[in-house]
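In what follows, chains are A, B, ... by sequence order, proteins preceding strands, each numbered from 1.
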Number of protein chains: 2
Amino acid sequence: MNGKQRMVEQSKQWLCDALINLMAQENFQDISITEIAQTAELSRKTFYHSFKNKEAVINYLCDQLFDQYFEQLLQQKPQVGEMMLKTTFDIFLNFWWQKRDLIQLLIRQGLFDHMNEIWQQKAIPRYQQFAAPWHVHGTPTQVNYVMAFQLGGFTNILRVWLGQDHPESPEQIKDLMLLAAQQLADSLNTN
Amino acid sequence: MNGKQRMVEQSKQWLCDALINLMAQENFQDISITEIAQTAELSRKTFYHSFKNKEAVINYLCDQLFDQYFEQLLQQKPQVGEMMLKTTFDIFLNFWWQKRDLIQLLIRQGLFDHMNEIWQQKAIPRYQQFAAPWHVHGTPTQVNYVMAFQLGGFTNILRVWLGQDHPESPEQIKDLMLLAAQQLADSLNTN
DNA sequence: AAACAAAGGAAACATTTGTTACCTTTGTTT
DNA sequence: AAACAAAGGTAACAAATGTTTCCTTTGTTT
């Protein structure tokens, strides 16, 4: 990355930070582009040079988040069986626990759905690089739907978990999830 | 409902229909309020009387959809075990199959996430009226997270299913889901 | 039937948005 | 070092948004 690109990235980051700061005090809908630019100490022109609109800033922010998440996931030592399930839960829960302030802000502003859209688009192709936390076999279509189910399930747990004012610790959620998974399996098998 | 309220509801419906028709041809972002009002043969004032903005129209639309869905779900004969799982899948898949034109429109316009947000908010409290398709027991917190997982999973399957130009028939998806559920259970038990 | 309340229409309004033109600054290239 | 390309700043612009005022129409109340 050369100096010119660094300048552009820096501006984008400043605008992002400005929007996040404003969102802590004001409703997303009511924040104007002028306000963001002023807070970032940049001109409105620079905003429109960096982003198409307010939503694009959120997109950029979410892109960064997911790249960070998948980086952590890729560093995971290859594992199998139950250990893999636990490791995947650990990474998932701890990552979002670290980012909880930002996520809670997004949830409160009704932007979690927006993040989810980006997650789904980026995650499905990327997940082909990994084995699923539980073993999946079958036709590509079958695998795809099982993936979609898991992905949607995890994301929604994240929504409920961090949507609370005082969310439980990652450890508590982990135990909860393992128990729930086991129960789900039991109930499906005994039916 | 008296005549006055009927008039208001009728206007809302006309504006809704107008927006849907316009969305089939034009990008949601690029549709102006003026355009919607003109298509509905109502004044811009009437639009702002009925809705806060364009997004509110989508909210209204989604609210209607979910009320219809839960009505169907409530008519379901009380059942237990595997039959209940199949019945729930049937209602879910057939309902959305009927509405597939609208859902596909929403997905293409990047509004599925918006619908999802409304679904989640309305569904979690409402689901307390039902037993889950598979048996869930435990603390209220545990039940809540298992519910969230299932709900998120189903919704995401809907996204993947109807996001395609030529989605599979509901019967095919049903078989796929039952198989996937069984597999999930097996893999969790053998780990 | 008369009075009233609420909805819709017309039109004007300030604000915000997104775009453009022109100029200055700054990093890259040769 | 000079020429160049790209980014940022200022300012103006048309278009759209959301709000308001005033007036007409329509259904409800008494």
* Look at the side chain of A/Lys54 and the backbone N and O of A/Ile36, then say whether any donor-acceptor pair between them is shorter than 3.5 Å. => no
* Can you tell me the distance, in whole Å, between the CD atom of B/Glu35 and the C1' atom of D/dT17? => 14 Å
* To do: Enter the distance from B/Glu26:CD to B/Glu35:CD here, rounded to the nearest 0.5 Å.
  => 4.0 Å
* Structure fact -> Of the listed C/dA7, C/dG9, D/dA7, the closest approach to the A/His49 side chain comes from D/dA7
* Asked: Can you tell me if the side-chain N/O atoms of A/Ser32 get under 4.0 Å from OP1 or OP2 in C/dT15?
  -> no
* For the pair made of CD in A/Gln5 and C1' in C/dT26, what is the distance, rounded to whole Å? -> 15 Å
* Nearest-Å distance, OH (A/Tyr48) to P (D/dC13)? -> 18 Å
* Which residue, B/Lys52 or B/Met7, contacts DNA chain D at a nucleotide closer to its 5' end, judged by nearest heavy atom? -> B/Lys52
* To do: Please confirm whether A/Trp96 and A/Phe66 have ring centers closer than 6.0 angstrom.
  => yes
* Tell me: CZ of A/Phe47 to P of C/dG18, nearest whole Å? -> 8 Å
* Structure fact -> Base-pair string, DNA chain D, Watson-Crick plus G-U, cut-off 3.5 Å on both distances, | for inter-strand, is ||||||||||||||||||||||||||||||
* Asked: Among residues 11-29 of chain A, which contact DNA chain D at a heavy-atom distance under 4.0 Å?
  -> A/Ser11
* Under 30°, 30 to 60°, or over 60°: which ring-plane class applies to A/Phe154 and A/Phe92, parallel, tilted or perpendicular? -> tilted
* Nearest-Å distance for atom pair CZ/P, residues B/Arg6 and D/dT26 -> 15 Å
* For the side chain of B/Asn94 and the backbone of B/Asp90, is there at least one donor-acceptor N/O pair under 3.5 Å apart? -> yes
* Grab the CD1-P distance between A/Ile36 and C/dG18 for me, whole Å please. => 10 Å
* Check whether any side-chain heavy atom of B/Ile58 sits under 4.5 Å from a side-chain heavy atom of B/Ile118, and report yes or no. => no
* Which of parallel (below 30°), tilted (30 to 60°) and perpendicular (above 60°) describes A/Trp119 and A/Tyr69? -> tilted
* To do: Please check if any side-chain donor atom of A/Gln120 sits under 3.5 Å from a side-chain acceptor atom of A/Asn116, or the reverse.
  => yes
* May I ask you to test the B/Gln109-B/His114 pair for a side-chain heavy-atom distance under 4.5 Å? => no
* Evaluate the side-chain proximity of B/Ile157 to B/Leu176: yes if any heavy-atom separation is below 4.5 Å, no if none is. => no
* Structure fact -> Per the under-4.0 Å heavy-atom filter, residues of residues 38-45 of chain B near DNA chain D come out as B/Arg44, B/Lys45
* **5′-ward residue of the pair B/Ser50/A/Ile31 relative to DNA chain C** => B/Ser50
* Nearest-Å distance for atom pair CZ/P, residues A/Phe51 and D/dG8 -> 11 Å
* Reported CG-to-CG distance for the pair B/Asp113 and A/Asp113, which is rounded to 0.5 angstrom -> 5.0 Å
